[in-house]
Amino acid sequence: MIQILGIILLVGGLIAALVGVQDAFGMRERAARLFLGRFTRRTLALLIGGGVAALIGLILMTSKM
């Protein structure tokens, strides 16, 4: 059961991170970086949240319970 949750978190996290990377190179994000000098909250949430979810999913998949 824990490994199934790990797989779901890993796949979901990777998808969220990929959407964040795609969003980072979009036209709206480029304009925001030009004026704000940083990524928008949505892009940061997708990148960081997706990375953390994927990492937790990987840890759960490899744990021996």
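Remember, predicted model here, so these are calculated numbers, not experimental data. Values reported hereafter were calculated over all heavy atoms of this structure, with side chains retained and with hydrogens, waters and symmetry mates removed.
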Legend entry - Heavy atoms from other residues, nucleotides or ligands near CZ of R33 exceed 12 (cutoff 6.0 Å):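 Result for CZ/R33: enclosed.
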
Nearest-0.5 Å distance that lies between atom [atom1] in [X] and atom [atom2] in [Y]:
X: L36; Y: E29; atom1: CG; atom2: CD; answer: 9.0 Å
X: I2; Y: I7; atom1: CD1; atom2: CD1; answer: 12.0 Å
X: L55; Y: I59; atom1: CG; atom2: CD1; answer: 4.0 Å

If Ile, Leu, Val, Met, Phe, Trp and Tyr residues are connected whenever their side-chain heavy atoms lie under 4.5 Å apart, and connections chain through other members, are [X] and [Y] in the same group?
X: V52; Y: L9; value: yes
X: F39; Y: F25; value: no
X: I15; Y: M61; value: yes
X: I48; Y: L18; value: no

What pair of heavy atoms forms the shortest contact from [X] to [Y], and how long is it?
X: T40; Y: A32; answer: CG2-CB, 3.6 Å
X: G50; Y: A16; answer: CA-CB, 3.9 Å
X: A53; Y: G13; answer: CB-CA, 3.9 Å

Inset, instruction - Pick out which of I4, L10, V11 makes a side chain to side chain contact (heavy atoms under 4.5 Å, CB included) with I8. - result: I4

Inset, instruction - Check whether any side-chain heavy atom of D23 sits under 4.5 Å from a side-chain heavy atom of R28, and report yes or no. - result: yes

